[in-house]
Structures are given as C-alpha cells and as structure tokens.
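Report on the structure given below.
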Amino acid sequence: MKRFSALLLVLPVVLAACAASGGSPPASGDDGASDAPPPGASEGDGGGGEGVIEHPTGADEPILVVRSQGGFVMAEFTVRNVPSFVLLGDGRVIIPGVQTLEFPGPALPALQERTLTEEGIQELLSAIEETDLFTGDLELMGMQQMVADASDTVFELDAAGLDTTIVVYALGMLMPDMEVPGMDPAEVAAHETLTRLSESLLTIDTFIPSEMWESEGWQPYEADAFRLYVTDVTDQPVEDLPGMIRDWPTDDDPAVFGEPAGEFLGPGTRCGVVEGELGATWLAELSQARENTLWSDDGARRFRVLARPLLPHEQRTCPEVEPGA
C-alpha cells in the first residue's frame, strides 16, 4: 500500500530523534507514559477487521481536524476562521478551496469536499500513525523563544481508540538549521514532521491514489448552517459602491437577532445560528455578497454581518469569543 511520499521523507529523521529521546517529544506535564496501542494494533474500524485502524464512522463525527487558534489577528478573522482540514467518519474531506485575490473578497470562504473510501481513510491513518507522534496529547511551544504573536496549529485525531490533541506554536516558521534556545531536538523533528503533514493534507489528492476516492475531483462544499455576527453600523460612514447595501433577507428584526456577543466585534454585536430553511436563505444571500456588504431592513438602519459556515461536526451555537481566542 502506498504511503504519503512527502511524509516518508522525514519519518526516518523523526523516528530516530524520538528514539533517541525515549519516545515522542515530551509535553508539559507529560511523564512520557502512554496508553496507546503499539503501531499497527487495531480495535477495528466501523466494520472491524484485523490490522484496520479504528475510527468514528458517523457523518458528523470527526476523525481528524486541523485548525488554528490564537495569534495576533483581526477580530473578523477570528470569528470567520474555519479549519484547514476536516476528515469525517463517512470519509468526507473538507478543505479550503481556491481563494481569489479580489478585494473586497466574498462574504463566504471557498470550501470544497471529496469523499475517501474506507481504504483511503486507512491509507491516511496509517501514514499519520507512522509519524509516531499521535500517541498522546502534546504541546510543542518551543518556538515561543523565537516568534511572537503567532498562532497555534491544533491537530485533533480520533483513531485507534485514542482522542489525541497536538498543539504546535508557530507551525511552519521553523527554518532549516534554525537553532532555538532550549528546544529539544525531538521537538524540532516533530515540528518539521507536522509542518510536512499539514502541507500534505492540503494537497491530499496528490498523495492518496484516485482509486481510493469515491468520486473524481472536488466539489464545492455548501454549508447548511451558519453562525452570524450582526452589528448595527448605521452611524458609521458607508462606501459608495454599487450593490454594497442589500435588503435583509428574512422577516426578523436584525437589531434583536440572536444574543449579545460582547464588545469584541464592536458595540452591540449579536450572534445567532441559522439552519434549515433559514440556513438555505442565508446561503443564497451570502453567496451574492462581499466582505464589505451591508444589509438594511428599512432603508435607514444598516447592519454588518460576519458569517461563519458551520461544518457537520461543529456545534450549532455561538461560543464566547475573546481577543486572541
């Protein structure tokens, strides 16, 4: 069975480093102990079977999620930020699509999906297992000595009977031959491997053979639920651009939409989730809008809407949002 060729280039280095240090890079408060099964062990997948890596099988159950958090970024980016990679139990892979250079950009991020066969899922999980990193929770924060205000990359894996979370600070910023004071060689190797893994996941169709996909090519992912952050901007100046102000698409009052969301996005911002028929209405509306589009319900009041598509595994709620979250 083929493996991720890009990952194999770094695996010998990582495994050697981990062996030299007695295993995976130590996390804060980790004594090195692990309840993980030995490599290749399995408790079955959705259908069971010897040598198969167990994983969730539900359409809304995540197997692997890669996302970013924190860092010195604008509030608007924080609330609209979507995972860079999602693999669901039914084999669906959701990743960012083609991002245009238009300004202002579209109101919704471009997302695309494609479905792996069970063989394809096993191929990916086997490659991840071979990194020898996902055997327990890890926090790799050594790059804090070199880089300020960077974000964390979070890998969340549910497979082989383990829920594993790896948090890496400033992933991708470790340059070749860079010396980081106090950074263990095993962490350096892990950092490099996770960088390659992250990059490989974004081009997964170039590593997973075509016969391990249910269909040819990627399709646009259309969310059926959205988290909307609505702010009254009536008193703010408006750019004179054609089509910038659109009619509020539903019968509710935007001034009392959802619940108060704090002051992070501006005074009076409210957050609510739309799904079902409302979700379909807002999908059609947002698909025609830009980042600077405003909405008005009576021609006098104006509202800004920041939309975050909700993926199948995500809760239909508005979480508390703080700067840097």
I'd like to know if the side chain of [X] reaches the main chain of [Y], judged simply by a donor and an acceptor atom lying under 3.5 Å from each other, with no hydrogens or angles considered.
X: Thr203; Y: Thr206; answer: no
X: Arg227; Y: Arg316; answer: no
X: Glu61; Y: Gly58; answer: yes
X: Arg270; Y: Gly258; answer: yes

Report all side-chain donor-acceptor pairs from residues 297-315 shorter than 3.5 Å, counting only partners two or more places apart or in another chain.
from, atom 1, to, atom 2, distance (Å)
Asp297, OD1, Arg301, NE, 3.4
Asp297, OD1, Arg301, NH2, 3.4
Asp297, OD2, Arg301, NH2, 2.3
Asp298, OD1, Ala300, N, 2.8
Asp298, OD1, Arg301, N, 2.9
Arg301, NH2, Asp253, OD1, 3.0
Arg302, NH2, Thr234, O, 2.6
Arg302, NH2, Gln236, O, 3.0
Arg304, NH1, Glu76, OE2, 3.4
Arg304, NH2, Thr231, OG1, 3.4
Arg304, NH2, Leu265, O, 2.7
Arg308, NE, Asn81, O, 2.8
Arg308, NH1, Glu314, OE1, 2.8
Arg308, NH2, Asn81, O, 3.3
Arg308, NH2, Glu314, OE2, 2.8
Glu314, OE1, Leu311, N, 2.8

Assess the residue pair Leu87 and Ile63 against the criterion (side chain to side chain contact (heavy atoms under 4.5 Å, CB included)); give the C-alpha distance rounded to whole Å, side-chain angles, the decisive distance to 0.1 Å, and a yes or no.
CA-CA 5 Å; Leu87 170 62; Ile63 300 174; 4.0 Å; yes
With sequence neighbours left out, the residues meeting side chain to side chain contact (heavy atoms under 4.5 Å, CB included) with Gln219 are none
Taken in chain and number order and not counting sequence neighbours, the residues that satisfy side chain to side chain contact (heavy atoms under 4.5 Å, CB included) with Gln144 are Met141, Tyr169
Show your working on side chain to side chain contact (heavy atoms under 4.5 Å, CB included) between Glu118 and Met212 and close with a plain yes or no.
CA-CA 8 Å; Glu118 179 59 32; Met212 294 184 184; over 6 Å; no
What heavy-atom pair brings [X] and [Y] nearest, and what distance separates the two atoms?
X: Ser198; Y: Phe155; value: CB-CZ, 4.2 Å
X: Pro62; Y: Pro56; value: O-CG, 3.8 Å
X: Pro96; Y: Leu111; value: CA-CD2, 4.0 Å
X: Gly279; Y: Phe226; value: O-CE1, 3.5 Å
X: Pro181; Y: Glu179; value: CD-O, 3.8 Å
X: Pro109; Y: Val82; value: CG-CG1, 4.4 Å

Spell out, yes or no, whether [X] and [Y] are grouped together once hydrophobic residues are joined by side-chain heavy atoms under 4.5 Å, including indirect joins.
X: Leu157; Y: Val66; result: yes
X: Val93; Y: Leu88; result: no
X: Met178; Y: Leu140; result: no
X: Leu133; Y: Leu171; result: yes
X: Leu194; Y: Phe85; result: yes

Nearest-0.5 Å distance, [atom1] of residue [X] to [atom2] of residue [Y]:
X: Leu201; Y: Ser84; atom1: CG; atom2: OG; value: 7.5 Å
X: Asp232; Y: Phe257; atom1: CG; atom2: CZ; value: 14.5 Å
X: Ser126; Y: Ile121; atom1: OG; atom2: CD1; value: 11.5 Å
X: Ser215; Y: Glu113; atom1: OG; atom2: CD; value: 9.0 Å

Can you check whether [X] reaches [Y] side chain to side chain, under 4.5 Å on heavy atoms?
X: Thr250; Y: Thr281; value: yes
X: Arg67; Y: Glu156; value: yes
X: His55; Y: Thr57; value: yes
X: Glu214; Y: Leu116; value: no
X: Glu275; Y: Asp224; value: no
X: Leu64; Y: Ile128; value: yes
X: Thr164; Y: Asp137; value: yes
X: Arg246; Y: Leu294; value: no

Problem set entry | Met74 atom CE: more than 12 heavy-atom contacts under 6.0 Å | no
For Glu263, does the CD atom have more than 12 heavy-atom neighbours from other residues, nucleotides or ligands under 6.0 Å away? yes
* Could you walk me through whether Asp205 and Trp213 pass the side chain to side chain donor-acceptor pair (under 3.5 Å) check? -> CA-CA 9 Å; Asp205 54 346; Trp213 295 92; over 6 Å; no
Per side chain to side chain contact (heavy atoms under 4.5 Å, CB included), Leu174 is matched among Met146, Glu187, Glu192 by Glu192
- Item | side chain to side chain contact (heavy atoms under 4.5 Å, CB included) assessment of Thr269 paired with Val230 | CA-CA 6 Å; Thr269 298; Val230 180; over 6 Å; no
| task | Could you go through the side chain to side chain donor-acceptor pair (under 3.5 Å) check for Trp295 and Thr293 one step at a time? | result | CA-CA 7 Å; Trp295 282 265; Thr293 298; over 6 Å; no
NZ/NE/NH1/NH2 to OD/OE distance under 4.0 Å, Glu291 and Arg80:
yes
Could you walk me through whether Trp282 and Leu108 pass the side chain to side chain contact (heavy atoms under 4.5 Å, CB included) check?
CA-CA 11 Å; Trp282 274 101; Leu108 291 177; over 6 Å; no
